Amino acid sequence: MSAFPTPKQLWRDVQVFDGLAQLDEPMTLLVEGERVAGLWPAREFDEAQAQGATEVGRGGVLTPGLVDCHTHLVYAGNRAGEFEQRLEGVSYEEIARAGGGILSTVRATRAASEDQLIAASLPRLDALLADGVTTLEIKSGYGLTLDDELKMLRVARRLGELRPVRITTTLLGAHAVAPEYVGRADDYVALVCEQMIPAAAAEGLADAVDVFCEGIGFSPAQCERIFQAAQAHGLALKAHAEQLSNLGGSTLAARYDALSADHIEYLDEAGVRALAAAGTVAVLLPGAFHVLRETQLPPIELLRQYGVPMAVASDANPGTSPICMPTLMANLACSLFRLTPREALSGMTAQAARALGRPDLGRIEVGSPADLCLWDVQSPAELAYAVQAGRLRQRIFNGEIVYAR
């Protein structure tokens with residue numbers, strides 16, 4: 001039993017978005033220690049409940065801390081030159097086949113030390129935190145050797161020690177065929193299955209394994225081998241699927257009870273049905289859609305029709321979504337994909353947490369972890385409506401106010 005009383009903190013007259021919907025009236029929220037201890041309509045609040053509590057906020061909109069469930073935050077270098085090439089008419093696929101794209105970042109990342117990767121990644125992480133993120137996923141995938149993939153995962157774990165944020169890590173060894181294995185993709189898949197996955201699992205460096213199921217990535221059969229190896233080592237599964245074509249990657253992911261299928265612009269109705277049956281989350285990445293100037297929209301109406309949970313993430317990465325502003329993703333999800341503001345915000349809280357296998361996060365309810373954001377706006381819809389920095393008044397992580405303005 002602790003000799004010190006658990007701190008109690010009180011927020012009054014806040015509009016609450018609980019992760020699924022906006023509550024109907026102003027609320028009073030009590031946090032005790034690291035958990036939400038009480039949530040009442042303000043007009044019904046019994047002041048006796050406030051005994052021993054410190055009032056720390058009043059007014060504004062209170063949401064769960066944002067969850068960014070798909071990022072490639074750890075890397076070296078940048079690809080501004082490729083951004084310029086695309087604007088001059090060169091396609092993403094042409095750049096990748098010419099040795100650019102992912103492989104150009106691979107070269108820079110392999111050459112960087114862990115400390116250099118930390119220094120490069122911290123400003124990107126800080127930008128996410130300044131826009132309300134309390135939990136995020138970081139993928140590897142720019143090393144493509146055993147040592148370099150583990151290096152990236154170690155850096156991702158270290159970032160979580162340097163900042164007040166929850167970080168989950170995903171081994172994406174199957175992001176591209178390593179340059180040393182060109183023409184020998186199956187041999188590279190064997191490396192992922194027989195060395196990368198066992199090592200990452202043994203060292204506790206990965207929470208999940210991801211694959212890039214695409215014509216310029218890996219075939220469904222190769223991805224299935226990787227899924228089987230990951231499951232054998234007790235790791236959760238995710239998939240980049242149906243971004244550039246429909247190879248059935250989402251259906252494969254659903255068959256293996258993957259946490260999520262991400263991108264999914266080319267997903268068909270059969271794939272949507274598979275996701276619905278498995279409870280696999282569809283992760284929408286409007287940043288990459290925007291930067292690549294894509295025109296194939298994800299099947300939003302079908303996802304709604306079949307009740308597939310939709311998450312929204314930044315896909316922060318050097319090539320196709322060099323954007324570290326989650327609230328911009330909410331705006332893009334609404335303006336490009338026609339999500340409602342409620343769907344977009346739920347996609348960045350409760351549904352994004354599901355995509356990480358953490359349904360306890362991304363919600364405001366009694367007993368939930370007190371990861372919260374207090375915003376200087378009048379309604380939750382404003383977070384998707386306007387693209388505007390500086391609206392975050394407080395960021396609360398594990399019950400502690402770690403940022404206040």
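Just so we're clear, the structure is a prediction, and the values are computed from it rather than from any experiment. Computation of the quantities below employed the complete heavy-atom set of this structure, encompassing side-chain atoms and omitting hydrogens, waters and symmetry-equivalent molecules.
- P164 has its side chain out of reach of E400: every pair of non-hydrogen atoms, C-beta onward, lies at least 4.5 Å apart.
- Side-chain atoms of Q195 do not come within 3.5 Å of backbone N or O of L146 as any donor-acceptor pair.
- Across every non-hydrogen atom of T109 and A76, the tightest pair is OG1-N, 3.2 Å.
- Here the side chains of L303 and I264 are in contact, with some heavy-atom distance below 4.5 Å.
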Residues N317, Y142; criterion side-chain contact (heavy atoms from CB on, under 4.5 Å); working and verdict: CA-CA 10 Å; N317 77 77; Y142 295 128; 3.6 Å; yes
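- Side-chain atoms of R163 never come within 3.5 Å of backbone atoms of L122 as a donor-acceptor pair (strictly under, hydrogens ignored).
- Counting only distance, with no hydrogens or angles, the side chain of R157 and the backbone of G204 share a donor-acceptor pair below 3.5 Å.
- Both tests do not hold together for R225 against F218: distance to the six-membered ring centre under 6.0 Å, angle to the ring axis within 45°.
- Looking at every heavy atom in both residues, A384 comes nearest to N331 through O-ND2, 3.0 Å.
- Under the 4.5 Å side-chain criterion, counting only non-hydrogen atoms from C-beta, R154 is in contact with L205.
- Remark: the H240 side chain and the D262 side chain contain no N/O donor-acceptor pair separated by less than 3.5 Å.
- The CG atom of L292 sits 10.0 Å away from the OG atom of S91 when rounded to the nearest 0.5 Å.
- For T134 (side chain) and V165 (main-chain N/O), no donor-acceptor pair under 3.5 Å exists by modelled atom type.
- Looking at heavy atoms from C-beta onward, I300 lies out of side-chain contact with R338 at the 4.5 angstrom threshold.
- No donor-acceptor contact under 3.5 angstrom links the side chains of Y188 and E180, judged on distance only.
- Here NE2 of H175 is found 3.5 Å from CD1 of I102. Values are rounded to the nearest 0.5 Å.
- Rounding to the nearest 0.5 Å places CD of E149 at 12.0 Å from NZ of K139.
- Although no hydrogens or angles enter the test, the distance criterion places no donor-acceptor pair under 3.5 Å between the side chain of S346 and the main chain of R342.
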Evaluation steps, side-chain contact (heavy atoms from CB on, under 4.5 Å), between V192 and I197: CA-CA 6 Å; V192 174; I197 289 173; 4.2 Å; yes
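- Shown here is Y385, whose OH atom has no more than 12 heavy atoms of other residues, nucleotides or ligands within 6.0 Å.
- Side-chain atoms of L20 and Q351, non-hydrogen and from C-beta on, do get closer than 4.5 Å to each other.
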Stepwise side-chain contact (heavy atoms from CB on, under 4.5 Å) test for F17 and T349: CA-CA 10 Å; F17 183 90; T349 52; 4.0 Å; yes
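- For the pair P341/L345, no side-chain contact is recorded, criterion being any heavy-atom separation below 4.5 Å from C-beta on.
- Remark: the backbone N or O of G287 is not paired with any side-chain donor or acceptor of D315 at under 3.5 angstrom.
- P318 and T105 make their closest contact through CG-OG1, 3.5 Å (heavy atoms, listed as atom of the first residue, atom of the second, distance).
- Taken from SG in C69 to NZ in K238, the straight-line distance is 5.5 Å, to the nearest 0.5 Å.
- Judged by distance alone, the side chain of R124 and the main-chain N or O of Y75 form a donor-acceptor pair under 3.5 Å.
- Taking each heavy atom of L244 and E214 in turn, the nearest pair found is N-OE1, 3.0 Å.
- Rounding to the nearest 0.5 Å places CG of D371 at 10.0 Å from CD1 of I364.
- With hydrogens and angles left out, the side-chain atoms of Q49 and W40 include no donor and acceptor closer than 3.5 Å.
- Of the candidates I401, V31, T63, L372 forms a side-chain contact (heavy atoms from CB on, under 4.5 Å) with just one, namely V31.
- There is no side-chain donor-acceptor pair under 3.5 Å between E137 and T71.
- Atom CG of L162 and atom CD1 of I167 lie 8.5 Å apart (nearest 0.5 Å).
- The backbone N or O of G390 sits less than 3.5 Å from a side-chain atom of R405, completing a donor-acceptor pair.
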Test side-chain contact (heavy atoms from CB on, under 4.5 Å) applied to I138 and L125, step by step: CA-CA 10 Å; I138 298 178; L125 176 58; 5.7 Å; no
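- Formation of a donor-acceptor pair under 3.5 Å by the Q15 side chain with backbone atoms of P380 is not found in this model.
- A salt bridge does not link R391 to E382: none of the charged side-chain nitrogens sits closer than 4.0 Å to a carboxylate oxygen.
- Between the side chain of E44 and the main chain of P41, no donor-acceptor pair closer than 3.5 Å is present.
- Smallest separation of non-hydrogen atoms from E114 and R158: OE1-NH1, 3.5 Å.
- Heavy-atom minimum distance, P326 versus L66: CB-CD1, 4.0 Å.
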